[in-house]
Trainee: 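Submitted below is the structure of interest, expressed as structure tokens.
Below, chains carry the letters A, B, ... as their sequence lines are ordered, and counting in each starts from 1. When reading the values below, keep in mind they use all heavy atoms of this one structure, side chains included, and skip hydrogens, waters and symmetry mates.
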Number of protein chains: 2
Amino acid sequence: MSDGLARTLFALSDTNRLKIVELLKRGPLPVGEIAAQLRLNQPQTSKHLKVLLEADIVRIEPAANRRIYHLRTEPFQGLTAWSQSFEQQMVSRMTRLEGYLEQMQDTVNPKE
Amino acid sequence: MSDGLARTLFALSDTNRLKIVELLKRGPLPVGEIAAQLRLNQPQTSKHLKVLLEADIVRIEPAANRRIYHLRTEPFQGLTAWSQSFEQQMVSRMTRLEGYLEQMQDTVNPKE
DNA sequence: TTGGAATATTCCTTTTGGGGTATATATAAA
DNA sequence: TTTATATATACCCCAAAAGGAATATTCCAA
């Protein structure tokens with residue numbers, strides 16, 4: 001329930017930031033390239049990148065007077081783990097429910 | 001925000017909604033129970049549930065004058081798949097990069 | 001040192017989101 | 001019917017977010 005997850009999700013919940021992340025999936029890029037490819041203007045690109053940076057979704061690698069943005073892997077691993085825990089939990093609840101229903105039916109209509 | 005994934009992420013990006021989801025993970029509940037357990041008042045609970053509903057994260061099962069909210073599994077499966085695709089992509093990029101660096105070194109300092 | 005390119009930041013405006021309170025709706029029971 | 005309970009919605013207010021334009025900063029090169 002740690003609030004870091006909400007921050008990660010929030011950072012990813014904006015369409016433009018989502019596009020940035022999808023773009024960086026193909027490889028690291030400087031701000032100007034991101035802005036050009038997504039047809040955003042530079043200041044907004046920097047602002048969105050700041051949100052992603054503060055959510056630890058990207059990191060910066062300075063190169064000359066450019067700043068290359070890289071995706072981090074950790075938040076995605078965390079997101080996967082969290083999301084998977086739901087699938088598991090829900091499946092196991094369903095399995096228990098099925099078992100319970102079987103038992104009910106056996107009670108009503110017992111096998112000999 | 002017509003993007004389905006962004007909508008899912010947004011719905012999950014609020015702490016209270018995240019708490020609701022974590023609560024429903026343990027099993028379906030009516031609105032009043034959710035509000036009571038999380039110490040939210042009822043209208044906000046309904047509003048948050050509406051957001052989750054429109055993001056297809058929950059579904060409603062009416063029972064008498066109550067409405068039981070259930071988690072759906074699909075969005076979590078989708079989220080897991082999406083998130084995993086990042087891990088895979090990034091790892092494979094890194095592997096290719098390592099290969100490239102090796103090749104560079106062989107060029108500079110060739111083995112016999 | 002000056003100039004230029006890349007990026008970050010500031011200021012402003014508009015929109016959106018979340019909380020609070022009151023009210024409407026629906027369903028069940030009497 | 002009327003009443004009670006559970007839930008949804010409407011309205012208002014405030015804080016936060018996103019976009020645009022201008023400016024500041026940083027770094028490199030000449």
Trainee: Rounded off to whole Å, could you give me the CG-to-P distance for the B/Leu49 and D/dA6 pair?
Mentor: 16 Å

Trainee: Do A/Arg67 side-chain atoms and A/Ile60 backbone N/O form a donor-acceptor pair below 3.5 Å?
Mentor: no

Trainee: Are A/Gln88 and A/Gln84 close enough that a side-chain donor and a side-chain acceptor fall under 3.5 Å?
Mentor: no

Trainee: For the side chain of A/Lys50, starting at C-beta, report the closest nucleotide among C/dT9, C/dG18, D/dG19.
Mentor: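 Of all the options, the side chain of A/Lys50 is nearest to C/dT9.
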
Trainee: Do A/Ile57 and A/Leu40 belong to the same hydrophobic cluster, where Ile, Leu, Val, Met, Phe, Trp and Tyr are linked whenever their side-chain heavy atoms lie under 4.5 Å apart, directly or via other members?
Mentor: yes

Trainee: Using whole Å, report how far CG of B/Asn16 lies from C1' of C/dG20.
Mentor: 14 Å

Trainee: Calculate the interatomic distance between A/Leu53 atom CG and C/dT7 atom P; express it in whole Å.
Mentor: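 Computing the A/Leu53:CG to C/dT7:P distance gives 14 Å.
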
Trainee: Looking at CG of B/Leu79 and CG of A/Leu79, how far apart are the two atoms once the value is rounded to the nearest 0.5 Å?
Mentor: 4.5 Å

Trainee: I want to check something: taking the side chain as every heavy atom from C-beta on, are B/Phe10 and B/Arg17 in contact at a cut-off of under 4.5 Å?
Mentor: yes

Trainee: Rounded to the nearest 0.5 Å, what's the gap from CG on A/Leu18 to CH2 on B/Trp82? Could you check?
Mentor: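 Interatomic distance, A/Leu18 CG to B/Trp82 CH2, rounded to 0.5 Å: 5.5 Å.
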
Trainee: Answer yes or no: does atom CZ of B/Arg72 have more than 12 heavy-atom neighbours from other residues, nucleotides or ligands under 6.0 Å?
Mentor: yes

Trainee: For DNA chain D, what residues of residues 31-46 of chain B have any heavy atom nearer than 4.0 Å?
Mentor: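 Those residues are B/Val31, B/Gly32, B/Gln42, B/Pro43, B/Ser46.
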
Trainee: Flag the pair B/Asn16 / B/Ile20 as yes when at least one side-chain heavy-atom distance between them is below 4.5 Å, and no otherwise.
Mentor: no

Trainee: Is it the case that the base of D/dG20 and the side chain of A/Lys47 share a donor-acceptor contact (distance under 3.5 Å, atom types as modelled)?
Mentor: yes

Trainee: To the nearest 0.5 Å, what is the distance between CD (A/Glu74) and CD (B/Glu87)?
Mentor: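 A/Glu74 CD to B/Glu87 CD: 10.5 Å, rounded to 0.5 Å.
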
Trainee: CZ of B/Phe10 versus P of D/dA16: gap in Å, rounded?
Mentor: 15 Å

Trainee: Write down the distance between NE2 (B/His48) and C1' (D/dT9), rounded to a whole number of angstrom.
Mentor: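 So the two atoms are 15 Å apart, to the nearest Å.
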
Trainee: Please give, in whole Å, the distance from D/dA6 P to B/Leu29 CG?
Mentor: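 Distance, rounded to whole Å: 14 Å.
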
Trainee: Once you round it to whole Å, what is the distance between C1' of C/dT9 and CD1 of A/Ile60?
Mentor: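 After rounding, the gap between these two atoms is 14 Å.
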
Trainee: If we only count heavy atoms from C-beta on, is the A/Glu22 to A/Lys25 side-chain gap below 4.5 Å?
Mentor: yes

Trainee: Between residues 61-70 of chain B and DNA chain D, which residues have a heavy-atom gap below 4.0 Å?
Mentor: B/Asn65, B/Arg66, B/Arg67, B/Tyr69

Trainee: Describe, as an angle rounded to 10 degrees, how the axis at the first end of the helix from C/dT1-D/dA30 to C/dA30-D/dT1 is tilted relative to the axis at the last end, five pairs per end.
Mentor: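 End axes: 20° apart.
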
Trainee: Just so I know, are the side chains of A/Val21 and A/Leu52 near enough to count as touching, which here means a heavy-atom distance under 4.5 Å?
Mentor: yes

